[in-house]
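The structure appears below as structure tokens.
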Amino acid sequence: MAYWLLKSEPDAWSWDQMVKAGSKGTAWTGIRNHTAKLNMKKMKKGDRGFFYHSNIGKEIVGIVEVIKEAYADPTAEAGSPWVCVDVKAVEPLKKPVSLAAIKAEPKLADIQLLKQSRLSLPAITDGEWKAICKMGGL
DNA sequence: GCCAACGTTGGC
DNA sequence: GCCAACGTTGGC
């Protein structure tokens with residue numbers, strides 16, 4: 001089981017919309033970055049990810065689960081290499097974990113989210129996952 | 001194959 | 001609105 005962090009601008013797609021999509025989930029499309037694409041191809045059904053609000057909020061608000069592995073992104077040009085996955089909301093964090101809190105936590109100093117701030121799909125290690133869940137009250 | 005210019009993301 | 005990080009493009 002691997003862990004990920006999915007960035008989304010709440011203006012475009014928020015946690016509330018993720019929850020409303022229910023168990024059918026939604027396609028997480030629009031990734032146009034090769035590092036993120038490679039990570040997406042590693043995502044397996046059942047993997048979990050944090051749902052992070054970028055720009056507005058700048059905090060982790062919930063947990064999602066991969067329900068469909070990488071396939072051709074329907075929002076990309078036909079024949080382009082871009083892929084997407086389907087994810088569904090699992091549960092919200094009891095207490096959102098802000099970017100400031102992540103930066104302040106020594107255990108999270110090496111987290112890819114901070115190392116590559118522009119990457120929309122960083123990986124999360126087991127240790128980081130546990131630490132953030134705890135910070136989020138789970 | 002290098003590097004400058006430029007565009008985009010995302011935090012502040 | 002600014003700027004740092006960084007990916008991409010295009011000239012050489």
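All chains are named by letter (A, B, ...) in the order of the sequence lines, taking the proteins before the strands, and each is independently numbered beginning at 1.
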>> What's the closest nucleotide to the side chain of A:His34 if the choices are C:dG7, C:dT8, B:dG11?
In response: C:dT8
> CD of A:Glu59 versus C1' of B:dG10: gap in Å, rounded?
Replying inline: 15 Å
> Hey, does A:Ile31 have a side-chain heavy atom less than 4.5 Å from the side chain of A:Met40?
Replying inline: yes
> Atom CD1 of A:Ile31 and atom C1' of C:dC6: how far apart are they, to the nearest Å?
Replying inline: 16 Å
> OP1 or OP2 of B:dG11 sitting under 4.0 Å from any side-chain N/O of A:Tyr52?
Replying inline: yes
> In whole Å, what is the span from the CG atom of A:Asp11 to the C1' atom of B:dG11?
Replying inline: 15 Å
>> Does the plane of the ring in A:Tyr3 sit parallel, tilted or perpendicular to the ring in A:Trp129? Use 30° and 60° as the thresholds.
In response: parallel
> Out of A:Leu121, A:Val64, A:Ile124, A:Val87, which one pairs with A:Trp4 under the side chain to side chain contact (heavy atoms under 4.5 Å, CB included) rule?
Replying inline: A:Leu121
> So which nucleotide from B:dC12, C:dC6, B:dG10 ends up closest to the side chain of A:Lys7?
Replying inline: B:dG10
> NE2 of A:His53 versus C1' of B:dG10: gap in Å, rounded?
Replying inline: 15 Å
> Out of C:dG7, B:dG10, B:dG11, which nucleotide sits closest to the side chain of A:Lys58?
Replying inline: B:dG11
>> In this structure, how many angstroms lie between the C1' atom of C:dC3 and the CZ atom of A:Arg118, rounded?
In response: 13 Å
>> Measure CG/A:Asn55 against P/C:dG1 and give the value in whole Å, please.
In response: 14 Å
> What is the distance, rounded to the nearest whole Å, between atom CZ of A:Arg32 and atom P of C:dC6?
Replying inline: 22 Å
> Just how far, in rounded Å, is P of B:dC12 from CD1 of A:Ile102?
Replying inline: 11 Å
>> Taking the ring centre of each residue, are A:Trp82 and A:His34 less than 6.0 Å apart?
In response: yes
